[in-house]
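Here the structure comes first, spelled out in structure tokens, and everything after it is commentary.
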Amino acid sequence: MKRILAPSLLAADFGNLADEVKTVAAAGAEYIHIDVMDGMFVPSISLGIPVIQSIRPCTDKVFDVHMMVEEPGRYARAMKEAGADILCVHQEACRHLDRTIGQIRELEMRVGIALNPATPLSVLDCVLEQADMILLMSVNPGFGGQKLIPYILEKISRLRKRLNQLGLETDIEVDGGVTLENVGQLLGAGANVIVAGSAVYRGDTSANVRAFINTFEELSE
Ligand code: DX5
Ligand code: ZN
């Protein structure tokens, strides 16, 4: 499956956001991962609709919007209008997940379903075939710069195995604590969309993006 880097803007300089987006896009990242936090589902408040709208003209790369928001369906239309391409909602935040998925689809965005680290894969049983992407959190959501929880590796493998059994080529995105050191294990387990915040926006951002992409290529040879 195609391997994609999705730099998380949460670790970028918000005072310089347009350039931070352009830098990772120019260096070869295919997705821009945008973390929206509401202060309820997670303790932090990050950025929202007007900011997404303002950075939309910076690039035509895919806007991968990670909604850490209670009842995210309330904002699906506004997110589409702001420029979201993928809307990723947490199973834990949707009282009526099936309905929310339907809303996203109707608005012609790609559907992502996110699970917190401790949420079992079984909650996906009825909706797996409706998702374009499953986002497995590898840290407890809310903050950048945390350490990856090791049991996520086995969870990724089990999900990839299940998808293969069903003949589905659904993307598995992994988010939280990803580094150049552990990305090989995550890809090996079956993840193919890699979110990285602090590992990209620390030091030389362009070089970091290129290092991730080179690692993807080396490991697929
Ligand atoms: C955490 C966010 C992540 C975060 C990842 O709640 O969903 O996308 O920005 O940051 P790092 O890569 O620093 O763990
Ligand atoms: Zn995220």
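We count ligands from 1, going down the list as the structure has it; atoms in each ligand are counted the same way.
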Would you compute the distance between atom NE2 of H66 and atom CG of D64 and round it to the nearest 0.5 angstrom?
9.0 Å
Working to the nearest 0.5 angstrom, can you tell me the gap between L97 CG and L124 CG?
8.0 Å
Pairs under 3.5 Å, nitrogen or oxygen of ligand 1 with protein nitrogen or oxygen:
unit_1	atom_1	unit_2	atom_2	d
ligand 1	6 (O)	G142	N	2.8
ligand 1	7 (O)	D35	OD1	3.0
ligand 1	7 (O)	H66	ND1	3.3
ligand 1	7 (O)	D175	OD2	2.9
ligand 1	8 (O)	H33	NE2	3.4
ligand 1	8 (O)	D35	OD1	3.1
ligand 1	8 (O)	D35	OD2	2.8
ligand 1	8 (O)	D175	OD1	2.7
ligand 1	8 (O)	D175	OD2	3.0
ligand 1	9 (O)	S8	OG	2.8
ligand 1	9 (O)	D35	OD2	3.2
ligand 1	12 (O)	G197	N	2.8
ligand 1	13 (O)	G145	N	2.8
ligand 1	13 (O)	S198	N	3.0
ligand 1	13 (O)	S198	OG	2.4
ligand 1	14 (O)	G177	N	2.8

Counting distance only, does the side-chain N/O of E30 pair as donor-acceptor with the main-chain N or O of I4 below 3.5 Å?
no
Do [X] and [Y] meet the criterion of a side-chain donor-acceptor pair at a distance under 3.5 Å?
| X | Y | answer |
| --- | --- | --- |
| D175 | S8 | no |
| Q91 | T119 | no |
| Q165 | R162 | yes |

Quick one: report the N, O or S atom of [X] that is nearest to the Zn ion (ligand 2).
| X | value |
| --- | --- |
| H33 | NE2 |
| H66 | ND1 |
| D35 | OD1 |
| D175 | OD2 |

Would you check if L128 and I134 make a side-chain contact, meaning some heavy-atom pair closer than 4.5 Å?
yes
Let me check your reading of the structure: within less than 2.8 Å of the Zn ion (ligand 2), is there an N/O/S atom from C88?
no
So L87 and Y75, side-chain contact (heavy atoms from CB on, under 4.5 Å) or not? Walk me through it.
CA-CA 10 Å; L87 201 68; Y75 303 105; over 6 Å; no
